[in-house]
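Worksheet: one structure, shown below.
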Amino acid sequence: MTDTPHRAILLLHGPNLNLLGQRQPQIYGTTTLDEINERVITRAQASGVQVIALQSNHEGQLIDWIQQYGPEIDGILINAGAYTHTSIALRDAISGLNKPVIEVHLSNIHAREPFRHHSMIAPVCVGQVAGFGWRSYLLALDGLLGHLGLLES
Ligand code: CA2
């Protein structure tokens, strides 16, 4: 009997995303972070993949988690919130990891204020999904699982 390798991904949420569903529903929708996590976990489970879901308002904490969990996981889905547009440190943590990372956004950052159009982390990610509300996360999960060869072609 051959053992199936254990697969796991990290689902990282950055600053203020803990408030999802409570404020600015016209931009970010009414779905809460817990509900998004549940939907991603359920979909990933169907492919035999475990999800470690974490949120922090602190840049250094996000970087610590990337360093801490990085060696054990197969890839990352990250909505870095506003750090997307500012954080060279986060970009360095991602590029130092050598694992596939997908950037996720609820809103279409390219259709918003000019300061949101640029992503510091996009060049070190496999791809970016933006503008589909909570469904952005499921689309990004599909992208990551496909990239890892865990989806049927
Ligand atoms: O569209 C996205 O997912 C963003 O990453 C969300 C960030 C924003 O800074 C990025 O430009 C785009 C902001 C998240 C703030 O989330 C809130 C949720 C509810 C109430 C207030 C803020």
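Worth saying up front: this structure is predicted, and the values here are computed from it rather than measured. Whatever order the structure lists them in is the order used to number ligands and atoms, beginning at 1.
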Would you give me the side-chain donor-acceptor pairs under 3.5 Å for residues 75-82, sequence neighbours excluded?
unit_1, atom_1, unit_2, atom_2, d
Asn79, OD1, Gly81, N, 3.0
Asn79, ND2, Tyr137, OH, 3.1

Closest heavy-atom contact between Leu62 and Pro15?
CD1-CD, 4.5 Å
Pair Asn37-His13, side-chain donor/acceptor within less than 3.5 Å:
yes
Under 3.5 Å, which donor-acceptor pairs do the side chains of residues 65-73 form with other protein atoms, sequence neighbours left out?
none

Write none if no such pair exists; otherwise list each N/O atom of ligand 1 with its protein N/O partner under 3.5 Å and the distance.
unit_1, atom_1, unit_2, atom_2, d
ligand 1, 1 (O), Leu106, N, 3.3
ligand 1, 1 (O), Ser107, N, 2.9
ligand 1, 1 (O), Ser107, OG, 2.5
ligand 1, 3 (O), Asn79, ND2, 2.8
ligand 1, 3 (O), Leu106, N, 2.8
ligand 1, 5 (O), Asn79, OD1, 2.8
ligand 1, 5 (O), His105, ND1, 2.9
ligand 1, 9 (O), Ala82, N, 3.4
ligand 1, 9 (O), Arg116, NH1, 2.9
ligand 1, 11 (O), His85, NE2, 2.7
ligand 1, 11 (O), Arg116, NH1, 2.9

For residues 93-128, which residue pairs pass the ring-ring contact (aromatic ring centres under 6.0 Å, His included) check, not counting sequence neighbours?
none
Can you tell me if Gln55 and Asn57 form a side-chain donor-acceptor pair at under 3.5 Å?
yes
